[in-house]
Amino acid sequence: MQVGSTLTLAGWVDTRRDHGGLVFVDLRDHTGVTQLVINPERSPSAAALVHEIRNEFVLQAKGEVVARSPETVNPRMPTGEVELQVDELEILSRSTPLPFQLDEENVDELLRLRYRWLDLRRERMQRNLRLSGVVVSAIRRRMEELGFIDLWTPNLTRATPEGARDFIVPVRLQPGTFFALPQSPQIFKQLFMISGFDRYYQIATCFRDEDLRADRQFEFRQLDVEMAFAEREDVLGVLEEAVRAAFVALEREPPEAPFPRQTWAEVMARFGSDKPDLRFGLEIQDATELTRGSEFGVFANAPSVRYLVAPKAFSRAELARLEELAKEWGAKGLAYVVFDESGEVRSPIAKFLSEAELEALRAEPGSTVLFGAGEPGAVARVLGLLRLHLGKELGLVDESRDEFLWVIDFPLFELDEETGGWTFSHHPFTGVVAGHEELIESDPGAALSQAYDLVWNGWELGSGSIRIHRQDVQQRVFQALGLTADDAQEKFGFLLDALQMGAPPHGGFAMGLERFVALLAGEPNIREIVAFPKIASGADPLSGAPAAVPEAQLEELGIRVLEQPS
Ligand code: ASP
């Protein structure tokens, strides 16, 4: 703002201060705040109007930019060295009293969402949504530089199997039939590969009917990618480029590529999680062999005995609390051996452990060995959660680090706890690791897939895989998942047909954009980077959706609503 120039400014009233004769108004837009000075001697008309002005009125002011006197310079404002001496003032729009002030802290979230247009005026939300825009545009640019083209896929379609419930849409023209909203464009993007569009991307909206959490909404966007004639490393390389482009656009040091890769088996063993936070160590160690012949029966008989060495000699009360947590996570108990500061051993199980066992487990004075014993999966889960808990509680996480990781070689199937049958661990179109095809029938649990996940500081950013491109293999996987040939034909016949008409090898990935942006913005909750989110009950406090529809509309759709239990 040039001192001496005449300027017209428009924006919202941030604050108004009345100093007897002079009135100061801080006028705000998304670029910042400028101080207006309304002096009755300079502009009687403006002064007459200014008393009506309240916070969040929209004003237009014309005047002269003047330098502030040195004692009134505000170093906290980018425009703090100047102010506008107002000649003409106009109220463009008024505001009713506000449900909350824009600078108020800890406003109830329901209130913020109900009056989201006000909430979005706040600096934090302006910053978050603008950051989101910068990230999406940087990603688009990079994808297009890499030769990907943005292709649209339908939102009214058939159910797509990504493991969630579908949102369904009734169809007036064929009452009794329903579209499903896509859980992802998975099958369509595979069809693009078969159609010869060998590099597809889309910022795709996906719909999944799942319980809402801090990092989950019914609808969300993905950077959705598919490539033909591509191997895993090609896909990972493209995603690394997209991630790095976002960092560069935000003027942050991009993570170094290639990101490290670890197999699923390795991360489960070392960190007890398929999305490990690598900003701290505290790795899980194995004592199964060591304790095979132990006098401590719990260890001797458990299929898996593993442990963590925490760098602290916990008190009895602290250990009781940790045990409680372990039980909440499904453990039967939490055996421990404390090596206190003087090297003394404190442990209810020490008397059952042999010298050799104790020696092998001995840790630095001032530490505690914490054990999990049982089925390998359950032990990994409990120790993985314990590792995360201790990482935070003992301040082991180095917040200044950014740790990206590719987890590769996931199992092809996992056991469905409800049905006891096999279900897919990624989705049913995921390719099988070469040489593991026979396992689809003979030992489904041992078959590895060509799926991979991207993890950032313990958060899963997205998943992808090299796909099955042979119809016979796809049929076998459907069969292993319990689908009869007829079922498979009825649900996925179009894909099975396409796979028989010249399907090139292909693979892809999808990265959840809201989660990525939330992490970039340092926001723990994705609702802080979604303009109009839903709350945990699934409702939108702003519009009042979801809502009942008129009887006539239901009639047209051939729908009768059952009475709801109140
Ligand atoms: N469709 C998958 C998902 O939404 C991603 C992929 O495999 O490309 O997670």
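Every number for a ligand or one of its atoms is a count from 1 in the order of the listing. For the numbers below, each heavy atom of this structure counts, side chains included, while hydrogens, waters and symmetry mates do not.
Using modelled atom types, one side-chain atom of R306 and one backbone atom of A269 make a donor-acceptor pair closer than 3.5 Å. A distance-only check finds no donor-acceptor pair linking the side chain of D166 to the backbone of I168 [under 3.5 Å].
Within the 4.0 Å heavy-atom criterion, the part of S184 lying near ligand 1 is the side chain and not the backbone. Only the side chain of R467 comes within 4.0 Å of ligand 1, counting heavy atoms alone; its backbone N, CA, C and O stay farther away. Contact annotation: for Q183 versus ligand 1, there are no heavy atoms closer than 4.0 Å.
Every atom of ligand 1 with a heavy atom of Q186 under 4.0 Å away is listed here by number and element: 1 (N), 2 (C), 5 (C), 6 (C), 7 (O), 8 (O). Distances below 4.0 Å separate heavy atoms of A510 from the following atoms of ligand 1: 5 (C), 8 (O). With ligand atoms numbered from 1 in the order given, ligand 1 contributes 8 (O) to contacts under 4.0 Å with heavy atoms of F509.
By the 3.5 Å distance cut-off applied to N or O atoms, E226 is not counted among the residues near ligand 1. Annotation: H426 places an N or O atom under 3.5 Å from an N or O atom of ligand 1; distance criterion only. For ligand 1, the polar-atom distance check finds an N/O of Q222 within less than 3.5 Å of one of the ligand's N/O atoms.
Side-chain rings of F404 and W459 stay apart, their centers remaining 6.0 Å or farther from each other.
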Show the numbers, then the answer: is there a side-chain hydrogen bond (donor to acceptor under 3.5 Å, both in side chains) between R140 and Y201? CA-CA 9 Å; R140 282 187 178 286; Y201 92 99; 3.1 Å; yes

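Considering only non-hydrogen protein atoms, atom 9 (O) of ligand 1 sits nearest to E162 OE1, 3.7 Å.
Judged by the shortest distance from any of its heavy atoms, K189 lies inside the 4.0 Å radius around the atoms of ligand 1. Judged by the shortest distance from any of its heavy atoms, R208 lies inside the 4.0 Å radius around the atoms of ligand 1.
No more than 12 heavy atoms of other residues, nucleotides or ligands sit less than 6.0 Å from atom CD of Q479.
Under the 30°/60° scheme for interplanar angles, the aromatic rings of H427 and F429 are found to be tilted.
Within the model, atoms CZ of F413 and NE2 of H426 stand 13.5 Å from one another, a figure rounded to the nearest 0.5 Å.
Taking the ring axis of F516 as reference, the NZ or CZ atom of R221 does not stay both within 45° of it and closer than 6.0 Å to the ring centre.
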